[in-house]
Structures are given as structure tokens and as C-alpha cells.
Amino acid sequence: MATIPSRDLELSLLKDAENRYGQGSVLPDPLASVPPLQMRCVGGIDEVGRGAIAGPLAVGIAVIDGTEGEPPAGLTDSKQLTPRRREAMFDELSAWPAAWAVGMASAEEIDKEGLTPALRLAAFRALEALGEQGFSPRLLLLDGSFDYLSAPTDLFADANADQSASAVSASSQAEIPREVTTVVKGDGKSVVIAAASVLAKVTRDRLMSDLSDPGYGWAKNKGYASAQHLQAIAQLGLDSSHRLSWHLQGVSSAAFARAWRIRREKRVQPPLVFSTQKG
């Protein structure tokens with residue numbers, strides 16, 4: 001039986017946000033085309049695709065501000081829902097939060113920056129999209145025990161982060177102070193994290209299903225290392241959508257070299273971000 005997350009933690013944080021930002025919750029933005037930023041809200045964050053061998057990382061953020069009402073019945077950790085149930089829930093769920101966004105980091109960016117900087121990059125893209133919708137959550141609930149959103153504090157992490165500074169610091173979101181609370185198995189405990197989990201999962205699954213596929217079975221395996229996927233790699237070689245820095249066992253150096261060459265020759269795609277569609 002699926003675990004149904006509660007709203008206790010979010011409601012507590014919403015009271016905190018009200019106390020902190022209730023009087024100054026709306027910040028004017030110098031760009032006329034961008035709405036004022038609402039800080040009196042709480043965001044839940046979850047990622048999808050960390051363990052895949054192909055395709056992007058996806059970081060979903062759902063935002064609640066106390067006006068959203070009850071979540072869709074049966075909302076829980078995306079892994080506890082069948083693909084059919086996730087798809088059936090998606091339209092209702094996407095209309096439930098005050099706002100939501102899913103930011104992506106491509107396989108190329110994962111290979112170039114590393115996994116943790118790529119997670120942070122995808123998260124900042126989602127936060128930037130939320131800012132364009134008028135929401136800037138300062139109190140965030142992050143699934144898991146590792147805070148990849150906040151700036152690294154140790155010297156070695158700082159050095160690695162500097163390599164991806166051009167990607168991350170391009171967004172003003174990197175300069176905004178935020179409080180991140182990590183929640184182990186949060187997608188089964190926090191309803192706003194669960195919402196982010198399902199939104200990110202369905203969004204990434206749809207993207208993988210739509211990829212041009214010479215025979216890897218993206219629509220079925222979603223880029224994960226299924227037996228059929230590994231067999232296809234043995235027969236077809238690697239695609240530029242594979243995470244080439246992961247050096248899969250059994251794949252020849254010639255196959256890696258060819259995949260790197262194909263990637264260099266491909267036109268660079270802009271970062272993918274999916275967000276609330278209202279009206």
C-alpha cells in the first residue's frame with residue numbers, strides 16, 4: 001500500500017514564511033515583463049534520472065502558498081505509482097500547486113560538470129522559471145539527505161563548482177539566500193515533495209519517449225540500464241544522449257570516441273525547462 005504524505009511540515013513552514021515575509025512578501029522586479037516576486041510560499045524539490053545512463057537529469061519544484069486546497073487523491077512518491085496512474089494524475093496535479101517547474105540538465109552537461117553541479121544547474125533553471133511566474137520560495141524542502149542546491153562549503157567542492165560557475169551564476173537565483181531542509185524519503189512524507197516527484201517523473205518520461213530512437217528503447221527504459229538497453233548498446237554502440245563520462249563496462253574505447261565525435265558535431269540544444277501552464 002502506498003504511503004500517503006501529510007501536509008504538516010509544509011503548513012508549519014508556510015506559517016514561518018508568513019511571519020518572515022508577510023509584510024514584504026512581494027518584491028518589485030526591475031524588468032517590467034517579469035511579475036513581482038512572491039516569497040510567502042514553500043517549495044518542494046525532487047529529482048529524477050540520477051541513476052539513468054542516458055538522457056537528462058530532471059529537478060522538479062512544486063510551490064504552495066496556502067491557497068491551493070487539497071492535493072489530488074492518492075498523491076505520493078512517484079515510485080509508488082504506476083506509470084498509468086502518474087499519467088492519469090498529471091493534469092490534475094499540474095493545476096494543484098501555486099506554481100511548478102521542472103528544470104533539466106542534459107547528458108552533455110552531466111559529462112562536462114559532474115552529477116552534483118548538474119543537479120544544482122537543473123534546480124536553478126526550475127527556480128528561474130518559477131521567478132518568471134512570480135514565485136521566489138525562500139523555504140525549500142529537498143528530498144534526500146544531501147543538499148545539492150546550496151553552494152558547496154568545502155574547498156574541493158568550491159573548486160569543482162567554479163568549473164560550472166558560468167552555467168549556474170548566470171542566473172540571479174544563485175545570489176538569493178534560501179533555507180533548504182533535507183527530508184530523507186521526503187517524497188513519501190511531504191506532499192509538496194511528492195508533487196515535485198510526480199511532475200518531474202512524468203515530464204522526463206515524456207521527453208525520453210519522444211527522443212529519436214534507433215533501437216535503444218527509450219520509451220520503455222527511459223534511459224535506465226535495462227537488459228534490453230544494454231543489449232542495444234552492444235549492437236548499436238553509444239548515442240550522444242548517453243552519459244559518456246560514466247564509461248559503461250563492456251563498451252569499447254572506439255565506441256566512446258565515436259559517440260563523443262557525434263556529440264561534438266550535433267547542434268547544441270537550449271536548456272529544457274517545463275513549468276506551469278495556466279489559462
Side-chain angles (χ1 to χ4, degrees), residues 5 7 9-10 13-14 16-17 21 34-35 37-50 56-68 71-72 75-78 86 89-90 93-105 116-144 146-151 167-168 171-183 186-207 271-278:
R7 302 179 69 192
L9 184 55
E10 291 91 334
L13 286 179
L14 278 174
D16 191 8
Y21 309 118
V34 179
L37 296 178
Q38 173 64 262
M39 296 187 298
R40 194 175 53 209
C41 56
V42 173
I45 307 176
D46 201 4
E47 56 80 20
V48 177
R50 183 196 298 257
L57 283 167
V59 175
I61 306 180
V63 174
I64 60 173
D65 61 3
T67 65
E68 61 282 338
L75 173 62
T76 186
D77 170 15
S78 65
R86 289 194 297 264
M89 181 183 290
F90 185 83
L93 178 59
S94 63
W96 173 68
W100 65 270
V102 177
M104 302 276 184
T116 297
L119 281 167
R120 191 164 182 250
L121 177 57
F124 278 117
R125 284 173 174 160
L127 285 168
E128 187 171 24
L130 290 171
E132 292 172 357
Q133 298 173 50
F135 289 88
S136 181
R138 305 303 169 89
L139 305 181
L140 297 163
L141 297 171
L142 175 63
D143 182 56
F146 174 60
D147 176 10
Y148 54 79
L149 185 66
S150 301
V168 175
S171 168
S172 60
Q173 300 288 345
E175 306 302 325
I176 296 175
R178 303 181 189 276
E179 293 186 20
V180 179
T181 300
T182 56
V183 185
D187 42 13
K189 299 175 182 177
S190 160
V191 70
V192 72
I193 294 178
S197 169
V198 176
L199 291 166
K201 175 64 174 171
V202 174
T203 299
R204 185 182 183 278
D205 283 358
R206 289 177 175 179
L207 184 149
L272 292 175
V273 181
F274 303 82
S275 60
T276 311
Q277 300 294 322
K278 293 190 179 292

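- A distance of 13.0 Å separates CG of Leu149 from CD of Glu47, quoted to the nearest 0.5 Å.
- For Asp16, the salt bridge (charged side-chain N to carboxylate O under 4.0 Å, His left out) criterion is met by Arg20, not counting sequence neighbours.
- In terms of heavy atoms, Met39 sits closest to Ala17 at O-CB, 4.4 Å.
- Taking each heavy atom of Val180 and Ser150 in turn, the nearest pair found is CG2-OG, 3.7 Å.
- The structure places CG of Leu9 at 4.5 Å from CG of Leu141, a figure rounded to the nearest 0.5 Å.
- When all heavy atoms are compared, the tightest approach of Leu130 to Ala99 is CD2-CB, 3.8 Å.
- Looking only at distances, no side-chain donor or acceptor of Glu128 sits under 3.5 Å from a matching main-chain atom of Ala126.
- Counting heavy atoms from C-beta outward, Leu207 and Met104 have side chains that approach closer than 4.5 Å.
- Once rounded to the nearest 0.5 Å, the distance linking CD1 of Ile45 with CG of Leu140 reads 4.5 Å.
- Taking every heavy atom of both residues into account, Pro137 and Leu127 meet most closely at CG-CD2, 4.3 Å.
- Judged as a side-chain hydrogen bond (donor to acceptor under 3.5 Å, both in side chains), and not counting sequence neighbours, the contacts of Ser197 are Asp46, Ser78.
- Counting heavy atoms from C-beta outward, Phe124 and Val59 have side chains that stay 4.5 Å or more apart.
- Here the side chain of Arg138 pairs no donor or acceptor atom with the backbone of Arg178 at under 3.5 angstrom.
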>> Using the rule given for side-chain contact (heavy atoms from CB on, under 4.5 Å), can you reason through Val191 versus Trp96, listing the C-alpha separation, both sets of side-chain angles and the distance that settles it, and then say yes or no?
In response: CA-CA 11 Å; Val191 70; Trp96 173 68; 4.1 Å; yes
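- With sequence neighbours excluded, the residues satisfying side-chain hydrogen bond (donor to acceptor under 3.5 Å, both in side chains) with Asp205 are Lys201.
- By the side chain to side chain contact (heavy atoms under 4.5 Å, CB included) test, Ala118 pairs with Leu57, Ala105, Ile110, sequence neighbours left out.
- Between Phe90 and Leu199, some side-chain heavy-atom pair lies under the 4.5 Å cut-off.
- Taking the side chain as every heavy atom from C-beta outward, Phe274 and Arg206 never approach each other to under 4.5 Å.
- Residues Arg204 and Val102 have side chains not in contact (no heavy-atom distance under 4.5 Å, counting atoms from C-beta outward).
- Note: Thr76 OG1 to Lys189 NZ = 12.5 Å, rounded to the nearest 0.5 Å.
- For the atom pair CG of Leu75 and CD1 of Ile193, the computed distance is 11.5 Å after rounding to the nearest 0.5 Å.
- Side-chain N or O atoms of Trp100 include one that pairs as donor or acceptor with a backbone N or O of Ser94 at under 3.5 Å.
- Taking 4.5 Å as the limit, every side-chain heavy atom of Phe135 sits out of range of all side-chain heavy atoms of Thr276.
- Under the salt bridge (charged side-chain N to carboxylate O under 4.0 Å, His left out) criterion, Glu10 pairs with no residue, sequence neighbours left out.
- Taking CG from Asp147 and OG1 from Thr116, the interatomic distance works out to 10.5 Å, rounded to the nearest 0.5 Å.
- For Thr203, there are no side-chain hydrogen bond (donor to acceptor under 3.5 Å, both in side chains) partners two or more places apart in sequence or in a different chain.
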